[in-house]
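Since this is a predicted model, take the numbers as computed values, not measurements. Throughout, protein chains are lettered first and strands after them, A, B, ... in sequence-line order, and every chain is numbered starting at 1.
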Amino acid sequence: MRLQGVDVAVIGAGPAGMAAAIRAKEAGAQRVLLVERQEELGGLLHQCIHNGFGLLYFGEDLTGPEYAKRFIDRVYDLGVETLLETTVLEISPERGIRVINKGGLQSFRPKAVVLAMGCRERTRDQLGIPGGRPAGIFTAGTAQRLVNVEGLLPGRRVVILGSGDVGMIMARRLTLEGARVEAVVEILPYVGGLIRNEVQCLHDFDIPLLLEHTVTEVHGERHLEGVTVAKVDPHRRPIPGTEIQIECDTLLLSVGLIPENELSRRAGVELDPLTGGPTVDQWRETTVPGVFAGGNVLHVHDLVDNCSWEAELAAEGAVRFAKGERTEGREICLRPGRNVRYVVPQRIRGEGPVTLFLRVREMEEGMRVRVGDLWQKRFRVVKPSEQIKVELSPKDLRRLPDGVAEIRVECEVAG
Amino acid sequence: MKEAQIICVGCPLGCRATLKVSREGEVLEVTGCRCKEGRRYVVEEFRNPVRVLTATVLTEGSRVPLLPVRTSSPIPKEKLREAMKALAKVRAKPPLRAGEVVLEDLLGTGVDLVATRDLPS
(Lines give C-alpha, C1' and ligand atoms only; values in the text may rest on other atoms or scores of the structure.)
Protein backbone atom coordinates (compact mmCIF):
# COMPACT_ATOMS: atom_id res chain seq x y z
CA MET A 1 0.00 0.00 0.00
CA ARG A 2 1.24 3.48 -0.89
CA LEU A 3 1.30 5.42 2.34
CA GLN A 4 2.25 8.81 0.94
CA GLY A 5 -0.58 11.34 0.89
CA VAL A 6 -2.51 10.08 3.90
CA ASP A 7 -4.58 12.84 5.48
CA VAL A 8 -5.35 11.27 8.87
CA ALA A 9 -3.57 8.23 10.33
CA VAL A 10 -5.24 6.56 13.31
CA ILE A 11 -3.07 4.35 15.54
CA GLY A 12 -5.04 1.47 17.03
CA ALA A 13 -8.34 -0.04 15.83
CA GLY A 14 -10.27 -0.56 19.06
CA PRO A 15 -13.50 1.27 19.93
CA ALA A 16 -11.70 4.62 19.90
CA GLY A 17 -9.61 4.15 16.77
CA MET A 18 -12.45 2.78 14.65
CA ALA A 19 -14.74 5.65 15.68
CA ALA A 20 -11.99 8.16 14.93
CA ALA A 21 -11.32 6.73 11.46
CA ILE A 22 -15.02 6.73 10.62
CA ARG A 23 -15.52 10.29 11.81
CA ALA A 24 -12.41 11.52 9.96
CA LYS A 25 -13.85 10.13 6.75
CA GLU A 26 -17.29 11.58 7.46
CA ALA A 27 -15.73 14.96 8.21
CA GLY A 28 -14.22 15.07 4.74
CA ALA A 29 -10.71 13.62 4.98
CA GLN A 30 -9.80 12.00 1.64
CA ARG A 31 -7.42 9.32 2.82
CA VAL A 32 -7.80 7.88 6.27
CA LEU A 33 -5.48 5.07 7.37
CA LEU A 34 -6.21 2.84 10.36
CA VAL A 35 -3.15 0.98 11.68
CA GLU A 36 -3.67 -2.08 13.90
CA ARG A 37 -1.21 -4.62 15.30
CA GLN A 38 -3.76 -7.47 15.56
CA GLU A 39 -5.04 -9.39 12.56
CA GLU A 40 -8.53 -7.90 12.77
CA LEU A 41 -10.25 -4.68 13.74
CA GLY A 42 -12.01 -4.34 17.09
CA GLY A 43 -9.30 -4.47 19.74
CA LEU A 44 -10.35 -5.72 23.14
CA LEU A 45 -14.06 -5.74 22.26
CA HIS A 46 -13.83 -9.28 20.86
CA GLN A 47 -12.96 -10.76 24.25
CA CYS A 48 -15.58 -8.67 26.10
CA ILE A 49 -18.45 -11.02 25.29
CA HIS A 50 -20.71 -9.61 28.05
CA ASN A 51 -23.41 -7.03 27.39
CA GLY A 52 -23.69 -3.43 28.56
CA PHE A 53 -21.95 -1.79 25.59
CA GLY A 54 -23.57 0.89 23.46
CA LEU A 55 -26.38 1.89 25.84
CA LEU A 56 -25.43 5.54 25.34
CA TYR A 57 -23.98 5.45 21.83
CA PHE A 58 -26.61 3.28 20.14
CA GLY A 59 -29.36 3.27 22.77
CA GLU A 60 -29.08 -0.54 22.71
CA ASP A 61 -27.63 -3.11 25.06
CA LEU A 62 -24.90 -4.79 22.98
CA THR A 63 -22.11 -7.26 23.68
CA GLY A 64 -18.50 -6.32 22.88
CA PRO A 65 -18.39 -8.21 19.56
CA GLU A 66 -21.73 -6.68 18.51
CA TYR A 67 -20.51 -3.18 19.37
CA ALA A 68 -17.32 -3.84 17.38
CA LYS A 69 -19.20 -5.11 14.34
CA ARG A 70 -21.20 -1.89 13.98
CA PHE A 71 -17.95 0.04 13.67
CA ILE A 72 -16.08 -2.55 11.59
CA ASP A 73 -18.83 -2.59 8.95
CA ARG A 74 -18.81 1.20 8.77
CA VAL A 75 -15.00 1.35 8.50
CA TYR A 76 -15.12 -0.81 5.39
CA ASP A 77 -18.27 0.80 3.93
CA LEU A 78 -16.69 4.25 4.06
CA GLY A 79 -13.44 3.15 2.44
CA VAL A 80 -11.13 3.71 5.38
CA GLU A 81 -7.79 2.11 4.47
CA THR A 82 -6.61 -0.47 6.99
CA LEU A 83 -3.15 -1.77 7.75
CA LEU A 84 -3.52 -4.90 9.91
CA GLU A 85 -0.82 -6.95 11.65
CA THR A 86 1.26 -3.81 11.62
CA THR A 87 3.17 -2.35 14.53
CA VAL A 88 3.97 1.33 14.78
CA LEU A 89 7.60 1.57 15.86
CA GLU A 90 7.87 5.30 16.15
CA ILE A 91 6.08 8.58 15.71
CA SER A 92 8.47 11.52 15.45
CA PRO A 93 7.73 15.01 16.77
CA GLU A 94 7.23 15.98 13.09
CA ARG A 95 4.53 13.25 12.70
CA GLY A 96 6.83 10.92 10.80
CA ILE A 97 5.49 7.40 11.35
CA ARG A 98 7.57 4.25 11.04
CA VAL A 99 5.69 0.96 10.81
CA ILE A 100 6.71 -2.67 10.45
CA ASN A 101 4.80 -5.69 9.17
CA LYS A 102 5.37 -8.80 7.07
CA GLY A 103 6.05 -6.53 4.09
CA GLY A 104 8.93 -4.84 5.92
CA LEU A 105 9.58 -1.35 7.20
CA GLN A 106 7.77 1.69 5.89
CA SER A 107 7.79 5.37 6.75
CA PHE A 108 5.25 8.07 5.97
CA ARG A 109 4.08 11.43 7.17
CA PRO A 110 0.32 11.97 7.35
CA LYS A 111 -1.14 15.45 7.65
CA ALA A 112 -2.57 14.59 11.09
CA VAL A 113 -2.43 11.70 13.56
CA VAL A 114 -4.98 10.35 16.05
CA LEU A 115 -3.49 8.29 18.88
CA ALA A 116 -5.91 5.53 19.92
CA MET A 117 -3.66 2.88 21.45
CA GLY A 118 -5.90 2.28 24.46
CA CYS A 119 -4.55 1.08 27.77
CA ARG A 120 -3.11 -2.00 29.42
CA GLU A 121 -3.49 -3.67 32.77
CA ARG A 122 -1.38 -3.18 35.86
CA THR A 123 0.57 -6.32 36.68
CA ARG A 124 1.79 -8.08 39.81
CA ASP A 125 5.21 -6.42 39.46
CA GLN A 126 3.57 -3.04 39.79
CA LEU A 127 1.88 -4.11 43.03
CA GLY A 128 4.89 -5.79 44.56
CA ILE A 129 3.09 -8.77 46.12
CA PRO A 130 5.68 -10.87 48.01
CA GLY A 131 6.14 -14.57 47.30
CA GLY A 132 7.62 -16.82 44.65
CA ARG A 133 6.86 -16.83 40.96
CA PRO A 134 4.45 -19.73 40.58
CA ALA A 135 2.30 -20.25 37.51
CA GLY A 136 -1.38 -19.38 37.91
CA ILE A 137 -1.23 -15.60 38.32
CA PHE A 138 -2.93 -13.67 35.52
CA THR A 139 -4.29 -10.22 34.87
CA ALA A 140 -8.08 -10.33 34.59
CA GLY A 141 -7.90 -9.30 30.94
CA THR A 142 -5.52 -12.14 30.06
CA ALA A 143 -7.85 -14.61 31.77
CA GLN A 144 -10.75 -13.06 29.85
CA ARG A 145 -8.98 -13.72 26.57
CA LEU A 146 -8.14 -17.31 27.58
CA VAL A 147 -11.72 -18.10 28.57
CA ASN A 148 -13.66 -16.16 25.94
CA VAL A 149 -11.47 -16.46 22.85
CA GLU A 150 -9.03 -19.36 23.29
CA GLY A 151 -11.43 -21.64 25.14
CA LEU A 152 -9.12 -22.34 28.07
CA LEU A 153 -10.01 -22.27 31.76
CA PRO A 154 -7.07 -20.83 33.73
CA GLY A 155 -7.90 -22.78 36.89
CA ARG A 156 -10.54 -24.32 39.15
CA ARG A 157 -10.24 -22.33 42.38
CA VAL A 158 -9.81 -18.64 41.89
CA VAL A 159 -9.11 -15.55 43.99
CA ILE A 160 -9.58 -12.18 42.33
CA LEU A 161 -7.67 -9.16 43.61
CA GLY A 162 -9.45 -5.90 42.80
CA SER A 163 -13.15 -5.28 42.30
CA GLY A 164 -12.98 -3.32 39.06
CA ASP A 165 -15.53 -4.18 36.41
CA VAL A 166 -13.30 -6.64 34.54
CA GLY A 167 -12.53 -8.48 37.78
CA MET A 168 -16.20 -8.83 38.73
CA ILE A 169 -17.22 -9.81 35.22
CA MET A 170 -14.54 -12.52 35.23
CA ALA A 171 -15.78 -13.74 38.62
CA ARG A 172 -19.19 -14.41 37.04
CA ARG A 173 -17.76 -15.81 33.84
CA LEU A 174 -15.45 -18.28 35.60
CA THR A 175 -18.27 -19.35 37.91
CA LEU A 176 -20.57 -20.03 34.96
CA GLU A 177 -17.79 -22.06 33.31
CA GLY A 178 -17.47 -24.25 36.38
CA ALA A 179 -14.62 -22.71 38.37
CA ARG A 180 -15.06 -21.75 42.00
CA VAL A 181 -14.33 -18.13 42.86
CA GLU A 182 -13.22 -18.20 46.50
CA ALA A 183 -13.24 -14.44 46.97
CA VAL A 184 -12.99 -11.04 45.36
CA VAL A 185 -10.56 -9.00 47.47
CA GLU A 186 -10.76 -5.18 47.43
CA ILE A 187 -8.40 -2.88 49.32
CA LEU A 188 -10.87 0.05 49.38
CA PRO A 189 -13.98 0.19 51.59
CA TYR A 190 -16.21 0.05 48.50
CA VAL A 191 -16.43 -1.81 45.20
CA GLY A 192 -14.26 -0.47 42.37
CA GLY A 193 -16.71 -1.11 39.54
CA LEU A 194 -20.37 -0.47 38.81
CA ILE A 195 -23.08 -1.42 41.31
CA ARG A 196 -24.80 -3.36 38.56
CA ASN A 197 -21.76 -5.61 38.33
CA GLU A 198 -21.53 -6.04 42.10
CA VAL A 199 -25.15 -7.27 42.13
CA GLN A 200 -25.24 -9.27 38.90
CA CYS A 201 -21.72 -10.74 38.99
CA LEU A 202 -21.07 -11.27 42.70
CA HIS A 203 -24.38 -11.34 44.62
CA ASP A 204 -26.15 -13.42 41.98
CA PHE A 205 -23.60 -16.21 42.49
CA ASP A 206 -22.91 -15.72 46.21
CA ILE A 207 -19.27 -14.85 45.55
CA PRO A 208 -17.66 -13.50 48.76
CA LEU A 209 -16.47 -9.90 48.57
CA LEU A 210 -13.76 -8.91 51.07
CA LEU A 211 -13.64 -5.11 51.33
CA GLU A 212 -10.65 -3.42 53.01
CA HIS A 213 -8.56 -6.53 52.42
CA THR A 214 -5.60 -7.28 50.21
CA VAL A 215 -3.38 -10.17 49.13
CA THR A 216 -0.16 -10.00 51.13
CA GLU A 217 1.58 -13.14 49.89
CA VAL A 218 1.34 -15.80 47.22
CA HIS A 219 2.28 -19.41 47.95
CA GLY A 220 3.47 -22.26 45.77
CA GLU A 221 6.69 -23.27 44.06
CA ARG A 222 5.84 -24.27 40.52
CA HIS A 223 2.13 -23.57 40.61
CA LEU A 224 0.06 -21.32 42.84
CA GLU A 225 -1.29 -23.19 45.88
CA GLY A 226 -2.84 -20.36 47.85
CA VAL A 227 -2.72 -16.75 48.93
CA THR A 228 -2.56 -14.90 52.22
CA VAL A 229 -5.21 -12.22 52.58
CA ALA A 230 -5.16 -9.58 55.33
CA LYS A 231 -7.39 -6.74 56.45
CA VAL A 232 -5.98 -3.25 55.87
CA ASP A 233 -6.08 -0.11 58.02
CA PRO A 234 -7.41 3.25 56.74
CA HIS A 235 -3.97 3.91 55.23
CA ARG A 236 -4.31 0.67 53.26
CA ARG A 237 -1.55 -1.05 55.25
CA PRO A 238 -2.11 -4.72 56.15
CA ILE A 239 -3.01 -5.20 59.84
CA PRO A 240 -0.78 -7.87 61.44
CA GLY A 241 -2.74 -10.72 62.97
CA THR A 242 -5.68 -10.48 60.52
CA GLU A 243 -4.16 -12.82 57.93
CA ILE A 244 -6.23 -15.66 56.51
CA GLN A 245 -5.08 -18.35 54.09
CA ILE A 246 -7.13 -19.12 51.00
CA GLU A 247 -6.34 -22.21 48.96
CA CYS A 248 -6.49 -21.52 45.23
CA ASP A 249 -4.75 -22.41 41.97
CA THR A 250 -5.41 -19.10 40.24
CA LEU A 251 -5.03 -15.44 41.19
CA LEU A 252 -6.50 -12.81 38.89
CA LEU A 253 -5.43 -9.20 39.14
CA SER A 254 -7.96 -6.49 38.35
CA VAL A 255 -6.06 -3.59 39.81
CA GLY A 256 -6.24 -0.76 37.36
CA LEU A 257 -5.42 0.23 33.83
CA ILE A 258 -2.64 2.39 32.45
CA PRO A 259 -2.91 4.38 29.21
CA GLU A 260 -0.40 3.02 26.72
CA ASN A 261 1.77 5.99 25.76
CA GLU A 262 5.23 4.73 24.82
CA LEU A 263 4.75 6.04 21.28
CA SER A 264 3.36 9.35 22.51
CA ARG A 265 6.33 9.88 24.81
CA ARG A 266 8.82 9.34 21.98
CA ALA A 267 6.86 11.76 19.83
CA GLY A 268 7.50 14.39 22.47
CA VAL A 269 3.87 14.57 23.61
CA GLU A 270 3.50 16.01 27.12
CA LEU A 271 1.81 13.56 29.51
CA ASP A 272 -0.38 14.38 32.50
CA PRO A 273 0.81 12.45 35.59
CA LEU A 274 -2.78 12.50 36.88
CA THR A 275 -4.24 10.62 33.91
CA GLY A 276 -1.19 8.85 32.50
CA GLY A 277 -2.27 10.18 29.09
CA PRO A 278 -1.37 13.22 26.97
CA THR A 279 -2.42 16.71 28.00
CA VAL A 280 -4.88 18.02 25.40
CA ASP A 281 -7.18 20.90 24.45
CA GLN A 282 -10.90 20.48 23.74
CA TRP A 283 -10.18 19.03 20.27
CA ARG A 284 -7.96 16.51 22.03
CA GLU A 285 -4.87 17.96 20.37
CA THR A 286 -1.70 17.10 22.29
CA THR A 287 1.27 19.43 22.77
CA VAL A 288 2.66 18.18 19.43
CA PRO A 289 0.87 20.04 16.62
CA GLY A 290 -1.28 17.76 14.48
CA VAL A 291 -1.16 14.87 16.95
CA PHE A 292 -4.51 14.17 18.61
CA ALA A 293 -5.60 11.50 21.12
CA GLY A 294 -8.88 9.93 22.23
CA GLY A 295 -10.25 7.04 24.25
CA ASN A 296 -8.33 5.10 26.88
CA VAL A 297 -4.92 6.25 25.64
CA LEU A 298 -5.93 9.67 26.93
CA HIS A 299 -7.56 8.64 30.23
CA VAL A 300 -9.24 5.43 31.31
CA HIS A 301 -12.99 5.58 30.69
CA ASP A 302 -15.77 3.64 32.46
CA LEU A 303 -17.82 3.20 29.32
CA VAL A 304 -16.74 2.25 25.82
CA ASP A 305 -19.34 4.65 24.43
CA ASN A 306 -17.34 7.56 25.82
CA CYS A 307 -14.13 6.18 24.27
CA SER A 308 -15.75 6.24 20.86
CA TRP A 309 -17.25 9.69 21.34
CA GLU A 310 -14.03 11.19 22.56
CA ALA A 311 -12.06 9.73 19.67
CA GLU A 312 -14.58 11.33 17.29
CA LEU A 313 -13.71 14.71 18.79
CA ALA A 314 -10.04 13.95 18.18
CA ALA A 315 -10.84 12.96 14.59
CA GLU A 316 -12.73 16.20 13.95
CA GLY A 317 -9.75 18.13 15.29
CA ALA A 318 -7.40 16.09 13.11
CA VAL A 319 -9.42 16.75 9.96
CA ARG A 320 -9.48 20.49 10.67
CA PHE A 321 -5.73 20.41 11.18
CA ALA A 322 -5.20 18.42 7.98
CA LYS A 323 -7.21 21.03 6.07
CA GLY A 324 -5.03 23.77 7.53
CA GLU A 325 -7.79 25.21 9.71
CA ARG A 326 -6.18 26.21 12.91
CA THR A 327 -7.98 27.58 15.95
CA GLU A 328 -6.06 30.39 17.49
CA GLY A 329 -7.03 32.07 20.67
CA ARG A 330 -6.03 32.44 24.25
CA GLU A 331 -5.33 29.33 26.22
CA ILE A 332 -7.18 28.70 29.46
CA CYS A 333 -6.05 25.98 31.86
CA LEU A 334 -8.53 23.66 33.56
CA ARG A 335 -7.19 22.79 37.01
CA PRO A 336 -8.45 20.06 39.32
CA GLY A 337 -9.58 21.56 42.64
CA ARG A 338 -11.12 20.08 45.77
CA ASN A 339 -11.75 16.30 45.52
CA VAL A 340 -11.09 16.25 41.78
CA ARG A 341 -8.42 13.80 40.70
CA TYR A 342 -8.19 14.83 37.08
CA VAL A 343 -9.82 16.84 34.32
CA VAL A 344 -9.62 16.20 30.56
CA PRO A 345 -9.08 18.37 28.55
CA GLN A 346 -6.39 20.13 30.52
CA ARG A 347 -6.73 23.34 28.48
CA ILE A 348 -9.22 25.17 26.29
CA ARG A 349 -8.20 27.17 23.26
CA GLY A 350 -10.57 29.46 21.38
CA GLU A 351 -14.24 28.64 21.15
CA GLY A 352 -16.44 25.81 22.36
CA PRO A 353 -18.10 23.38 22.52
CA VAL A 354 -16.08 21.53 25.13
CA THR A 355 -16.68 17.95 26.27
CA LEU A 356 -15.02 17.54 29.62
CA PHE A 357 -14.43 14.44 31.73
CA LEU A 358 -13.47 14.42 35.37
CA ARG A 359 -12.99 11.91 38.12
CA VAL A 360 -13.17 12.52 41.87
CA ARG A 361 -10.65 11.29 44.46
CA GLU A 362 -13.00 10.17 47.23
CA MET A 363 -16.61 9.08 47.53
CA GLU A 364 -18.80 11.87 48.95
CA GLU A 365 -22.54 12.42 49.26
CA GLY A 366 -24.53 15.59 48.71
CA MET A 367 -22.06 17.34 46.44
CA ARG A 368 -21.99 20.05 43.82
CA VAL A 369 -19.51 19.75 40.97
CA ARG A 370 -18.56 23.03 39.35
CA VAL A 371 -16.45 24.15 36.43
CA GLY A 372 -15.47 27.66 37.52
CA ASP A 373 -18.55 29.83 37.15
CA LEU A 374 -19.47 28.24 33.82
CA TRP A 375 -21.28 25.11 34.92
CA GLN A 376 -22.46 23.40 38.06
CA LYS A 377 -24.57 20.41 38.98
CA ARG A 378 -25.65 18.69 42.16
CA PHE A 379 -24.83 15.03 42.66
CA ARG A 380 -26.37 12.86 45.34
CA VAL A 381 -23.16 10.87 45.34
CA VAL A 382 -19.80 11.14 43.59
CA LYS A 383 -17.46 8.14 43.36
CA PRO A 384 -13.98 7.60 41.94
CA SER A 385 -15.39 4.72 39.90
CA GLU A 386 -17.99 6.89 38.15
CA GLN A 387 -16.58 9.35 35.66
CA ILE A 388 -18.44 12.64 35.30
CA LYS A 389 -19.02 14.08 31.83
CA VAL A 390 -19.73 17.78 31.30
CA GLU A 391 -20.76 19.48 28.06
CA LEU A 392 -19.99 23.18 27.76
CA SER A 393 -21.60 25.08 24.89
CA PRO A 394 -19.97 27.91 22.90
CA LYS A 395 -22.39 30.20 24.75
CA ASP A 396 -21.10 29.00 28.13
CA LEU A 397 -17.57 29.78 27.04
CA ARG A 398 -18.45 33.26 25.83
CA ARG A 399 -19.47 34.08 29.39
CA LEU A 400 -15.82 33.85 30.45
CA PRO A 401 -14.48 37.27 31.43
CA ASP A 402 -11.48 38.53 29.42
CA GLY A 403 -8.09 37.71 30.80
CA VAL A 404 -9.05 34.52 32.62
CA ALA A 405 -6.09 32.16 32.50
CA GLU A 406 -7.37 29.33 34.66
CA ILE A 407 -10.63 27.63 35.58
CA ARG A 408 -10.89 25.47 38.69
CA VAL A 409 -12.92 22.31 38.49
CA GLU A 410 -14.05 21.24 41.94
CA CYS A 411 -16.42 19.22 43.99
CA GLU A 412 -17.89 21.09 46.94
CA VAL A 413 -20.46 20.35 49.62
CA ALA A 414 -23.87 21.38 48.27
CA GLY A 415 -25.51 23.98 50.49
CA MET B 1 -45.24 -10.92 56.48
CA LYS B 2 -41.58 -11.08 55.54
CA GLU B 3 -38.89 -8.72 54.33
CA ALA B 4 -36.60 -8.76 51.30
CA GLN B 5 -33.49 -6.67 50.69
CA ILE B 6 -32.71 -5.56 47.15
CA ILE B 7 -29.97 -3.23 45.93
CA CYS B 8 -31.04 -0.91 43.14
CA VAL B 9 -28.64 -0.95 40.17
CA GLY B 10 -30.21 2.01 38.36
CA CYS B 11 -27.56 4.58 39.32
CA PRO B 12 -24.31 5.00 41.30
CA LEU B 13 -26.24 5.64 44.49
CA GLY B 14 -27.06 1.94 44.83
CA CYS B 15 -30.03 2.36 47.18
CA ARG B 16 -30.54 -0.57 49.56
CA ALA B 17 -34.27 -1.13 49.47
CA THR B 18 -36.33 -3.11 51.95
CA LEU B 19 -39.53 -4.70 50.68
CA LYS B 20 -42.31 -5.75 53.00
CA VAL B 21 -43.98 -8.74 51.42
CA SER B 22 -47.22 -10.50 52.37
CA ARG B 23 -47.44 -14.27 52.79
CA GLU B 24 -48.96 -14.46 49.32
CA GLY B 25 -45.86 -12.75 47.91
CA GLU B 26 -47.49 -9.38 47.32
CA VAL B 27 -45.24 -6.34 47.82
CA LEU B 28 -46.86 -4.17 50.49
CA GLU B 29 -44.27 -1.50 51.08
CA VAL B 30 -40.91 -0.35 49.72
CA THR B 31 -38.52 1.70 51.81
CA GLY B 32 -34.97 2.87 51.15
CA CYS B 33 -35.35 3.89 47.50
CA ARG B 34 -34.62 7.49 46.69
CA CYS B 35 -36.57 7.65 43.41
CA LYS B 36 -39.69 6.35 41.68
CA GLU B 37 -37.85 4.43 38.97
CA GLY B 38 -35.82 2.69 41.64
CA ARG B 39 -38.98 1.57 43.42
CA ARG B 40 -40.28 0.13 40.16
CA TYR B 41 -36.99 -1.69 39.56
CA VAL B 42 -36.74 -3.29 43.00
CA VAL B 43 -40.33 -4.54 42.89
CA GLU B 44 -39.73 -6.08 39.46
CA GLU B 45 -36.40 -7.51 40.63
CA PHE B 46 -38.21 -9.08 43.59
CA ARG B 47 -41.07 -10.52 41.54
CA ASN B 48 -39.17 -11.73 38.51
CA PRO B 49 -35.38 -11.30 38.46
CA VAL B 50 -34.11 -11.76 34.89
CA ARG B 51 -30.70 -11.55 33.25
CA VAL B 52 -29.27 -11.58 29.75
CA LEU B 53 -26.91 -14.57 29.59
CA THR B 54 -23.72 -14.06 27.61
CA ALA B 55 -21.35 -16.98 27.11
CA THR B 56 -19.52 -18.96 24.44
CA VAL B 57 -20.22 -22.25 22.69
CA LEU B 58 -17.75 -24.65 21.09
CA THR B 59 -17.43 -24.63 17.33
CA GLU B 60 -17.02 -27.41 14.79
CA GLY B 61 -15.28 -26.90 11.46
CA SER B 62 -14.09 -23.38 12.19
CA ARG B 63 -10.57 -22.01 12.67
CA VAL B 64 -11.71 -20.31 15.88
CA PRO B 65 -12.48 -22.54 18.90
CA LEU B 66 -15.37 -20.53 20.34
CA LEU B 67 -18.41 -18.55 19.22
CA PRO B 68 -19.68 -15.82 21.57
CA VAL B 69 -23.45 -15.97 22.13
CA ARG B 70 -26.22 -14.23 24.06
CA THR B 71 -29.84 -14.81 24.88
CA SER B 72 -32.11 -12.76 22.62
CA SER B 73 -33.79 -11.36 25.73
CA PRO B 74 -33.37 -11.79 29.49
CA ILE B 75 -34.14 -15.17 31.09
CA PRO B 76 -35.06 -15.95 34.70
CA LYS B 77 -32.02 -15.60 36.95
CA GLU B 78 -32.43 -19.05 38.50
CA LYS B 79 -32.06 -20.67 35.06
CA LEU B 80 -28.57 -19.32 34.35
CA ARG B 81 -26.66 -22.39 35.53
CA GLU B 82 -29.05 -24.81 33.85
CA ALA B 83 -28.71 -22.77 30.66
CA MET B 84 -24.92 -23.16 30.79
CA LYS B 85 -25.38 -26.93 30.86
CA ALA B 86 -27.54 -26.71 27.74
CA LEU B 87 -24.93 -24.52 26.04
CA ALA B 88 -22.20 -27.07 26.78
CA LYS B 89 -23.90 -29.49 24.36
CA VAL B 90 -24.09 -27.00 21.48
CA ARG B 91 -21.61 -27.14 18.57
CA ALA B 92 -21.79 -24.11 16.30
CA LYS B 93 -21.02 -24.80 12.64
CA PRO B 94 -19.94 -22.15 10.13
CA PRO B 95 -20.98 -20.17 8.30
CA LEU B 96 -22.96 -18.20 10.88
CA ARG B 97 -23.68 -14.49 10.95
CA ALA B 98 -23.95 -12.33 14.04
CA GLY B 99 -27.61 -12.31 15.11
CA GLU B 100 -28.38 -15.79 13.76
CA VAL B 101 -30.06 -18.24 16.12
CA VAL B 102 -27.73 -20.94 17.45
CA LEU B 103 -30.25 -22.66 19.73
CA GLU B 104 -34.00 -22.13 19.68
CA ASP B 105 -36.22 -21.80 22.74
CA LEU B 106 -33.56 -22.21 25.42
CA LEU B 107 -34.93 -24.42 28.24
CA GLY B 108 -38.47 -23.72 27.13
CA THR B 109 -38.16 -20.04 28.02
CA GLY B 110 -39.20 -18.96 24.54
CA VAL B 111 -35.89 -17.12 24.34
CA ASP B 112 -33.35 -17.98 21.62
CA LEU B 113 -29.60 -18.19 21.86
CA VAL B 114 -27.99 -16.03 19.15
CA ALA B 115 -24.47 -15.58 17.81
CA THR B 116 -22.88 -12.23 18.65
CA ARG B 117 -20.28 -12.38 15.91
CA ASP B 118 -19.77 -13.94 12.51
CA LEU B 119 -18.30 -17.43 12.57
CA PRO B 120 -15.73 -17.99 9.80
CA SER B 121 -15.09 -21.46 8.43
Contact leader toward chain B among [options], where contacts are heavy-atom pairs under 4.5 Å:
options: A/G64, A/P65, A/A68; value: A/P65
options: A/H46, A/K383, A/H203; value: A/H46
options: A/E365, A/E198, A/H50, A/R172; value: A/H50
options: A/D204, A/N148, A/V199; value: A/D204
options: A/V147, A/L176, A/N197, A/V382; value: A/L176

Going by the angle between their ring planes, with limits at 30° and 60°, are A/Y67 and A/F58 parallel, tilted or perpendicular?
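It falls in the perpendicular class, over 60°.
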Region of A/E66 in contact with chain B, defined by heavy-atom distances below 4.5 Å
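Both backbone and side chain.
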Pick whichever of B/A115, B/G10, B/C8, B/P65 has the most heavy-atom pairs under 4.5 Å with chain A.
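If we count pairs closer than 4.5 Å to chain A, B/P65 comes out on top.
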Under a 4.5 Å cutoff for heavy-atom pairs, which residue among B/R117, B/E78, B/R34 has the most contacts with chain A?
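It is B/R117.
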Check each atom of B/A55 against the heavy atoms of chain A and say whether the ones under 4.5 Å are side chain, backbone, both or neither.
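Answer is both: backbone and side chain atoms of B/A55 are under 4.5 Å from chain A.
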If I measure from the heavy atoms of chain A, does B/L53 come under 4.5 Å with its side chain, its backbone, both, or neither?
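Side chain only.
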Starting from the C-alpha separation in whole Å, work towards a yes-or-no answer on salt bridge (Lys or Arg N to Asp or Glu O under 4.0 Å) for A/R156 and A/E182.
CA-CA 10 Å; A/R156 295 275 165 197; A/E182 303 289 344; over 6 Å; no
Would you check if there is a donor-acceptor pair between the side chains of A/N306 and A/H301 at a distance under 3.5 Å?
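Note: A/H301 and A/N306 side chains miss the donor-acceptor criterion.
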Under a plain distance cut-off of 3.5 Å, with no hydrogens placed, do A/E410 and A/N339 share a side-chain donor-acceptor pair?
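There is no such pair (donor and acceptor under 3.5 Å, judged by atom type) between the side chains of A/N339 and A/E410.
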Looking only at heavy atoms, what is the nearest atom pair of A/D305 and A/L55, with distance?
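Scanning both residues completely, I find the closest heavy atoms to be OD2-N, 3.4 Å.
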Looking at CE of A/M367 and CZ of A/R338, how far apart are the two atoms once the value is rounded to the nearest 0.5 Å?
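Reported to 0.5 Å precision, the distance equals 4.5 Å.
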Any non-hydrogen side-chain atom of A/P15 less than 4.5 Å from a side-chain atom of A/L45?
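Counting from C-beta outward, A/P15 and A/L45 do come under 4.5 Å.
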